[in-house]
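Since the structure is predicted, the reported quantities are computational estimates derived from the model, not experimental observations. All ligand and atom numbering here is 1-based and tracks the order in the structure.
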Amino acid sequence: MASLLYALLFQIILLLMIHTSLAKPLCHPDESSALMEFKRSFRITTAEFRCVYPKVESWSPNGHGDCCSWDGVECNEASGHVTGLDLSSSCLLGNITSNTSLFRLLHLESLNLAFNDLNSSSIPYGFGNLSRLQYLNLFGSEFSGKVPSDISRLSRLTSLDLSSKWASLEMPSIENFVQNLIMLRELDLSIISMPSPFPHILANFSSLKSLVLRNCGLHGEFPVSIFQLPKLEVLDINYNDNLSSFIPEQQWGNPLKSLSLGGTIFSSSLPSSLGNLSQVAYIDLRGSKFMGQITASFANLTQLSYLDLSKNNFTGGISHWLLSGALPFSFENLTQLVWLDLSFNNWQGEIPNSLWELKDLEYLALRHNNLSGTVDLHKLKNLTTLLLDFNNISFVSNTEVNDTLPKLSTLSLVSCNLHEFPRFLGYLNGLEWVDLSNNKIKGSIPTRMWNGSKETSMNMDLSHNFLTDFGSSHINLPMPQLTYMDLSHNLLTSFLNKHINLALPMLTYLNISSNLLKTTLPSPPPLAKYYNISNNNLFGEIQSICKARSLVILDLSINSLNGTIPSCLGNIDSLTILNLGRNKLEGMIPNGYPKVCVLKIIDLANNRLQGPIPRSLINCPMLEYLNLGYNQIHDGFPSWLSKLTKLRAIILKSNKFYGPIETYRNQFNFSNLHIMDLSNNGFTGELPSKLLQSFHAMKVIVSQDQLEYMNTSQGLPLSLETYEKIVDYDMKLMSKGTEREYTKVPYALKGIDLSNNKFEGCIPDFIGDLKSLVLLNLSNNILTCFIPPSLANLRVLESLDLSRNKLSREIPQQLAQLTFLSSFDFNTFGASSFAMNEGLCGNPLPKKCTTIGDDIPLPTSPLEEENGDKSLFDLDWKVVLIGAGVGFLIGVVLGNFFIDEKSRWFLYYSRIMAKGWKTSRRC
Ligand SMILES: *[C@@H]1O[C@H](CO)[C@@H](O)[C@H](O)[C@H]1NC(C)=O
Ligand SMILES: *[C@@H]1O[C@H](CO)[C@@H](O)[C@H](O)[C@H]1NC(C)=O
Ligand SMILES: *[C@@H]1O[C@H](CO)[C@@H](O)[C@H](O)[C@H]1NC(C)=O
Ligand SMILES: *[C@@H]1O[C@H](CO)[C@@H](O)[C@H](O)[C@H]1NC(C)=O
Ligand SMILES: *[C@@H]1O[C@H](CO)[C@@H](O)[C@H](O)[C@H]1NC(C)=O
Ligand SMILES: *[C@@H]1O[C@H](CO)[C@@H](O)[C@H](O)[C@H]1NC(C)=O
Ligand SMILES: *[C@@H]1O[C@H](CO)[C@@H](O)[C@H](O)[C@H]1NC(C)=O
């Protein structure tokens, strides 16, 4: 009996042993060595941002011989073959080539290499060998080049993700690529460039649960039958600019959870069938040209947590689909909303009160609508971002709001018709970024406003208000961390130096321009990088500026400052933009530029400075723009400036320059120059032909957007981000007989003004080589000879002035071919352009030539003067001023959002949107 029992037990143990050894067969040596070889083809980079954990580090043929137990490796239980390899975020750096050992793992069913650094190498040919693959994920691994066609042979694939974060992969024909992949449940090819029609074949892929083709350059028509795919949960075709479609008024009949149609062309209204999508949590329709009124059925979407309808052309009120009471649905039903963006539409009317009941809201944007109403934020405890710009709002005057909005970090209330500071501002303690510009806030800035956020406040813009001062006698700005303050464009009349000086040791950005300050120059904050106090009534000397040693941009222009320019400016190594124009500065320009000079713009125009121009400017190789006009500089022509090859504009007009410009020894290289204005000086000699011949940029017509301006952009490292400040060239030019001030100078405007000097001799024929000249003024000199016919080559010339010289003979008939010019202004480029040259005759002058040559009839009236939309002079540059100042910053912020879609998606789902906002702002 016992022996029988023993025998039975023995047999059971034996069976168990056999079974376990069967269940865990050792991995095959060839696969083990293929894996080891794969491992060795990479470096491990744990510093990489995609790196989470280097799984392959533990792989070893000796210690754990069984590769099936290695991290990230999965084997078939019965055969021991490697069937799964998950090396996502495994810190791999290197290339995969087509003879990679990876392709020897023929039993692979699942392969995940997402989030490694594959070095911008191309996806190797060879994946097609892994014919059992069902799952392939290469997301975010920085492949580039063409997607190899053999992947499309993998007909067992149910999940394929080749999307990248940066656009570098290409796919010639997606239709061919996907046609065999009929089993697909998940497909993500985002940011792969495939400029082809949308693959209609996908409408037959009835297993599809997730279809993501974001930003692929797809065009044509998006087949609406995709909306009816029975299992579809995620549809994302965002940012295929030329893809068009509409949402049909049909039942969807699928469990859709996420719908992203942003940045496409859905020029239709939203059908009420949208109300069927009872499970939908995420809807992004921004910028897709939707229009019409919002369907009431929206209120059915009770699971919705993310809704972005911004930048469409929705009309009507939002209350009729959101307002509680009158209708059987309400905002209150959308209780899950975390993100709501209704910005940039044509909504109008009242903001429904039910909006303020959405307790979970973290992001609320209603920017640029015509909404009005009273904002009551006290229930929105999770709010981090509130953007209500360009609406007509007020805030509930609840004095007990001292504990509201603990998480609010970004607040933008530009042009909200506010008459006072919102009270809750004084009780916020996490605020980092405030913009209250363009309101009607009057009077003093309440002290309390600074209190709560003093540790966090970084950026503040209060411009375009009616602020008068910082309150009464005991003003305190207790914001030791504040780095950014913009109070420009107000009516500020006093500003207490002490407080800027003492209380804001960290301030790096200070803009108090365009106010009414009538005081001496306030001491700059010691760490200031940006200091702009232009356009005030400042008087006295500017020596105190020497206290700021970190200046990058200094603008003291348009004041009444006097005294001399302190030579300490030459010691501020970081100074890039210096504008002291339009003051009463006198004396010499200090000769103090150090060996390291990074100045790009020097504007000292309209002062009383005397010469000479300091030669040490030669140490400023970055110099692009030099404006010394309207001073009393007594000097010869600074031909050495030609060593500064980046110079694009030189203005020396209205000074006391003298002598000939070139001698036989001179060599010039002003190859980037667009504008040279030497007018109103005492230059003598022949027209400087070597100089003019060196203006290579004026010899080519580059088709340039006419709305591009000459400017310099300068990054200002503030503590949270780099603030990109664009500084435009600002100059006065003589055109068409009048002096015009250009606050922005079009890039395409190229001009030479040598008028009002004593140049003599002939106009050289090669002047016709400067083909892109728009402005040429040689008037009031002593030029003789005839007008060179080559002037007719200047096809884009708009303003020509040769008057008051001693030119003679007939005006060349070829000039009539200058149609562009002739159709724009004949007042100037008519008779007066040539006037007072006694020897000159022919049309358009009244004096007839006595020789046989018939006068060429020129058009007599400026036909297109009215709609001169092509003329560089007639555009209203000031109106086109988009994106200056902080508005620009917002543009950048949203711009980054636009680009970094995938990140936003992730961040959103992990509920750290506040952080996401900051991250993308830092980019
Ligand atoms: C990896 O690929 C990149 C891009 O194709 C190439 O520049 C580099 O030389 C390759 N490196 C190696 C080690 O093959
Ligand atoms: C709203 O949802 C209910 C059920 O959840 C459904 O019966 C109704 O048809 C939906 N309304 C619309 C307009 O889709
Ligand atoms: C909306 O909520 C109200 C109560 O808050 C409820 O009576 C109504 O049925 C809800 N509507 C829908 C469509 O869920
Ligand atoms: C927006 O819609 C209105 C009226 O429906 C229309 O007049 C207007 O042109 C549309 N605007 C755009 C930008 O499509
Ligand atoms: C706010 O956020 C917290 C943490 O994410 C969450 O627990 C809470 O439910 C949210 N809603 C409110 C109203 O606090
Ligand atoms: C809010 O105000 C009330 C009374 O005005 C006060 O008792 C309470 O301490 C305040 N709370 C905070 C957080 O300041
Ligand atoms: C500068 O102007 C102030 C008054 O505006 C005057 O008192 C002072 O003398 C002037 N300084 C110089 C150097 O001209």
Side-chain angles (χ1 to χ4, degrees), residues 281-282 302-307 330-340 353-365 375-386 396 398 401-411 424 427-431 493-495 497 515-523 533-546 556-569 580-590 604 606-610 630-632 904-919:
Y282 188 105
T302 54
Q303 299 304 306
L304 208 53
S305 73
Y306 183 109
L307 178 59
S330 79
F331 230 143
E332 283 148 310
N333 298 54
L334 308 185
T335 52
Q336 310 288 314
L337 273 182
V338 171
W339 183 294
L340 179 63
N353 286 332
S354 54
L355 190 61
W356 314 121
E357 303 289 330
L358 300 173
K359 297 188 185 64
D360 283 340
L361 270 186
E362 293 176 16
Y363 181 101
L364 175 61
V375 177
D376 181 1
L377 301 171
H378 79 277
K379 289 185 182 162
L380 311 188
K381 297 279 186 271
N382 279 356
L383 204 61
T384 63
T385 303
L386 180 65
V396 284
N398 181 354
V401 288
N402 57 358
D403 62 344
T404 54
L405 312 174
K407 296 179 184 170
L408 194 68
S409 66
T410 303
L411 176 67
F424 70 91
Y427 302 102
L428 302 174
N429 48 31
L431 213 51
T493 52
S494 65
F495 201 85
N497 306 357
N515 278 288
L516 304 172
L517 296 173
K518 193 162 192 165
T519 167
T520 54
L521 181 68
S523 283
I533 193 164
S534 64
N535 202 5
N536 279 286
N537 298 318
L538 301 182
F539 56 86
E541 307 208 359
I542 64 173
Q543 302 299 329
S544 66
I545 203 70
C546 296
L556 306 180
S557 63
I558 322 185
N559 282 292
S560 300
L561 298 162
N562 66 2
T564 55
I565 300 178
S567 57
C568 69
L569 281 180
L580 304 178
R582 295 205 230 176
N583 279 291
K584 297 177 178 165
L585 299 169
E586 56 195 28
M588 310 273 270
I589 305 172
L604 305 177
N606 293 77
N607 279 291
R608 299 163 183 173
L609 299 168
Q610 290 156 7
Y630 300 99
N631 278 292
Q632 294 157 21
R904 182 163 77 139
W905 172 272
F906 282 134
L907 294 173
Y908 168 69
Y909 271 112
S910 43
R911 286 284 184 104
I912 48 166
M913 286 187 300
K915 231 176 168 179
W917 175 260
K918 284 178 216 154
T919 322

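- Of all the heavy atoms in Leu561 and Asn583, the pair that sits closest is N-OD1, 3.0 Å.
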Item to complete: Applying side chain to side chain contact (heavy atoms under 4.5 Å, CB included), run through Tyr363 and Val338 and close with a yes or a no.
Response: CA-CA 6 Å; Tyr363 181 101; Val338 171; over 6 Å; no
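- Ligand 5 has no nitrogen or oxygen under 3.5 angstrom from a nitrogen or oxygen of Glu362.
- For atom 3 (C) of ligand 7, the nearest non-hydrogen atom of the protein is Asn562 ND2, 3.5 Å.
- One N or O on the side chain of Asn631 and one on the backbone of Asn607 form a donor-acceptor pair closer than 3.5 Å.
- In this structure, Asn535 contributes its side chain and Ile558 its backbone to no donor-acceptor pair below 3.5 Å.
- Per-atom contact check: atom 14 (O) of ligand 7 touches the protein, criterion being a heavy-atom distance below 4.0 Å.
- Of all atoms in ligand 7, numbered sequentially from 1 with element shown, those under 4.0 Å from a heavy atom of Glu541 are 13 (C).
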Worksheet item: Going through the distances and angles, do Leu585 and Leu604 end up as a side chain to side chain contact (heavy atoms under 4.5 Å, CB included)?
Response: CA-CA 9 Å; Leu585 299 169; Leu604 305 177; 5.8 Å; no
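- Heavy-atom proximity to atom 11 (N) of ligand 5, evaluated over Leu383, Leu361, Asp360, Leu358, is greatest for Asp360.
- Under 4.0 angstrom from ligand 5, the non-hydrogen atoms of Lys359 come from both its backbone and its side chain.
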